[in-house]
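What follows is a set of notes on a single structure, which appears directly below.
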Amino acid sequence: MKGNFKLHSTVLREPETAARVDTVRKRCLDASLDAAKAKGCAVDTGDEWWRDESAVNVPGGRSITASDPLRVIVAGGGVAGLVAAAACHSQGMKVAIFEQASQYAPYGGPIQIQSNALRAIEQINKRCYDELRAAGTVTADRVSGLKIGYEKGVFMGLGPGYKRGDWLVRFDTLQPALDAGLPATVVVDRPVIQQILLNHGVPENTVRIKSRIKYYEELGEGQGIKVVLEDGNVAFCDVLVGADGIWSSVRKQLHGLDSGADGAAASGAAGGALDEKEARRMAKDSILMASGANRRYSGFTCYAALCEHKASNIEEVSYQILLGKDKYFVSTDGGGERQQWFALIREPAGGVDEEATPENPEPKLKRLLNEFNNEKPGDANGDVWDDFAHELLRATPEENIKRRDLYDGQPLITQGWTKGQVAICGDAAHPMMPNLGQGGCQATEDGFRLSQELATVTSTKDISPALQTYFNKRIGRTTLIQTAAQLGSDLLVDFDKMMTIPLVGPFFLFMTQVSMPFILRFLYTASF
């Protein structure tokens, strides 16, 4: 409904005073330390509800009541898994999260919780919503858009050229949200999001770490699922939800994929490697996993970091992409006078950087400074880049820069997301490129819709059709967004080529500008 949010609480960004900067940075640090210590995660007692087979394996199924609710196990303790568990818990279900990682090791820094995801979280748990809004930094109050990263001429001089840093497309993320009666997008550190969901979204001791699923088996229609962990423990539940990421173990069995489809997981939750050695291993292993899991290498390797730096354009710009030949540089306000940046470079999968040596102590930074060189002779193409990329790179220590290859996948329209009493969500169901910022947002919508459909179950025999309804209601929307993210990423890297063509270039820019409000209105909906 429109008008649910007061203007001052919806769109105004809290000034970045010294006190707020300190608060934002300290909360991120504290949450990261909690995650490293596995604070709030379960310690086995032997009497966990999921150990009881007799509670679910009832011949003919059983009735679901307030005193005997659905029992749900979620594989994966990243944001998708935490939201799915919180959503099911809010509907009175018993929940447990089995996370394969040894600890939380968030990759990539802050996450943009866009307006649609905020609405989903508000409907799941108002306390989590309020905490996230309070912890977040509003980014929708400033301009976002695409810039040309370097000076660019037009074919045969048939038209005006482009100066480095020129705006190509600008878009407003606030008005579409307000039109839909939704709150403005905020950015929140990943460990803070996890901390809030752990503290306020699910019961204490819900997450069990070092709990990788080996296999599962259905015990009969409405009679539950047996889940076998690699550590030898056995669990029983009514519903198994695979929120275990792009290399999902649950999806591997659900779709009958190759044995290597889930590969050797990284140690950190959310697919984050804990150290450089592990990151190097994952770069190679991901190629094999992608083949077995029917995932697509996007063609891009991605360097990412969060730097403590007050950007020179912070009062005017919240998000921008600098476009170049076979690469682009993305930056966004991370809150607390920090900038999160991504450098996407087109190259074959599996590449790794040189190891640091006394002669070359900063191999990643050295490469990136050359790739986005802002002084003559420029990069390998001879292009001299806009100063802003260098501004952020120079503010980033080498050890803060992480690298990974980006994979996504085709929509699982025919394969589906469910079978019997098992379902998948988030990246397990629809991995997508990051340029729309909707990966985590769509996972949040998944969690909400999943819980809504499971809440209609009155007998365990109703679980399978309820999960099928969840898939039917979600697949159309996620397919469009997943496809748009993939297409958008592919187009971005060739944007500069199209711009050089007289008439075609200006027309393409015009259509991109005109279409953005419609795309944002589709993304920012209160119904999912």
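Numbers for residues simply follow the sequence, beginning at 1. Just so it is clear, the values below take in all heavy atoms, side chains as well, and ignore hydrogens, waters and symmetry mates.
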Between [Y] and [X], is the closest basic N to carboxylate O distance under 4.0 Å?
| X | Y | result |
| --- | --- | --- |
| Lys126 | Asp130 | yes |
| Asp244 | Arg251 | no |
| Glu230 | Lys214 | no |
| Asp262 | Lys252 | yes |
| Arg133 | Glu122 | no |
| Arg208 | Glu99 | no |
| Glu371 | Arg367 | yes |
| Lys210 | Asp231 | no |

- Task: Go through the structure and list residues passing side-chain contact (heavy atoms from CB on, under 4.5 Å) with Thr483, not counting sequence neighbours.
- Result: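 By the side-chain contact (heavy atoms from CB on, under 4.5 Å) rule, Thr483 matches Pro411, Thr479.
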What is the minimum heavy-atom distance between [X] and [Y], and which atoms define it?
| X | Y | value |
| --- | --- | --- |
| Ala428 | Leu412 | O-CD1, 4.2 Å |
| Arg71 | Cys237 | O-CB, 3.5 Å |
| Ile73 | Ala235 | CD1-CB, 3.6 Å |
| Arg62 | Asp238 | NH1-OD1, 2.7 Å |
| Ile209 | Cys41 | CG2-SG, 3.8 Å |
| Cys425 | Tyr470 | CB-OH, 3.2 Å |

- Residues Thr65, Ser63; criterion side-chain hydrogen bond (donor to acceptor under 3.5 Å, both in side chains); working and verdict: CA-CA 6 Å; Thr65 64; Ser63 297; over 6 Å; no
- Query: Taking only residues at least two apart or on different chains, which pairs with a member in residues 405-428 satisfy salt bridge (charged side-chain N to carboxylate O under 4.0 Å, His left out)?
  - Reply: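 Qualifying pairs: Arg296-Asp408.
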- Verdict with reasoning, Val95 to Val74, per side chain to side chain contact (heavy atoms under 4.5 Å, CB included): CA-CA 7 Å; Val95 295; Val74 178; 5.6 Å; no
Side chains of [X] and [Y] only: does a donor on one sit below 3.5 Å from an acceptor on the other?
| X | Y | value |
| --- | --- | --- |
| Gln253 | Tyr215 | no |
| Gln442 | Arg474 | yes |
| Thr45 | Glu48 | yes |

- Step by step, would you call Asn233 with Arg51 a side chain to side chain contact (heavy atoms under 4.5 Å, CB included)? CA-CA 9 Å; Asn233 278 279; Arg51 297 184 186 275; 2.8 Å; yes
- Item | Check against side chain to side chain contact (heavy atoms under 4.5 Å, CB included), Val241 and Ile424 | CA-CA 5 Å; Val241 179; Ile424 54 177; over 6 Å; no
- Pairwise distance CG(Asp446) to OG(Ser451) - rounded to 0.5 angstrom: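 Asp446 atom CG to Ser451 atom OG measures 11.0 Å (nearest 0.5 Å).
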- Query: To the nearest 0.5 Å, how far apart are CG in Leu240 and CD1 in Ile463?
  - Reply: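 Here the rounded value is 11.5 Å.
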- Task: Kindly state whether the ring of Tyr328 and the ring of Phe300 have centres lying under 6.0 angstrom apart.
- Result: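 Between Tyr328 and Phe300, the centre distance is under 6.0 Å.
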- Message: Determine whether the aromatic ring centres of residues Trp341 and Tyr303 are separated by less than 6.0 angstrom.
- Response: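 No, the ring of Tyr303 stays outside the 6.0 Å limit from the ring of Trp341, centre to centre.
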- Item | Plane angle bin for Phe171 and Tyr319 - parallel if under 30°, tilted between 30 and 60°, otherwise perpendicular |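 If you compare the ring of Tyr319 with that of Phe171, the planes turn out tilted.
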- With under 30° as parallel and over 60° as perpendicular, where do the rings of Trp417 and His430 fit, or are they tilted in between?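 The rings of Trp417 and His430 sit tilted, inter-plane angle from 30° to 60°.
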- Query: After noting the C-alpha distance and the side-chain angles of Arg403 and Thr301, does the key distance pass the side-chain hydrogen bond (donor to acceptor under 3.5 Å, both in side chains) rule?
  - Reply: CA-CA 7 Å; Arg403 177 184 180 180; Thr301 193; 2.9 Å; yes
- Task: Determine, stepwise, if the pair Gln112 / Thr332 fulfils side-chain hydrogen bond (donor to acceptor under 3.5 Å, both in side chains).
- Result: CA-CA 9 Å; Gln112 283 206 23; Thr332 184; 3.1 Å; yes
- Item | side chain to side chain contact (heavy atoms under 4.5 Å, CB included) between Glu217 and Ile225, worked out | CA-CA 6 Å; Glu217 62 180 84; Ile225 299 170; over 6 Å; no
- Query: Taking the six-membered ring of Tyr129 as reference, does the NZ or CZ atom of Arg119 fall below 6.0 Å from its centre and within a 45° cone about the axis?
  - Reply: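 Judged by the rule, Arg119 and Tyr129 form no cation-pi pair.
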- Query: Just by distance, do the side chain of Thr206 and the backbone of Pro203 share a donor-acceptor pair under 3.5 Å?
  - Reply: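 At least one qualifying donor-acceptor pair exists.
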- Please check if the side chain of Arg477 supplies one atom and the backbone of Leu523 the other of a donor-acceptor pair under 3.5 Å.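 A pair under 3.5 Å: yes.
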- Query: Of Val227, Leu229, Asp44, which is the lone residue that meets side chain to side chain contact (heavy atoms under 4.5 Å, CB included) with Ser211?
  - Reply: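 Single side chain to side chain contact (heavy atoms under 4.5 Å, CB included) partner of Ser211 among Val227, Leu229, Asp44: Leu229.
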- Query: Just one of Ser115, Cys441, Ser144 clears the side chain to side chain contact (heavy atoms under 4.5 Å, CB included) bar with Thr185, so which one?
  - Reply: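 Exactly one pass, corresponding to Ser115.
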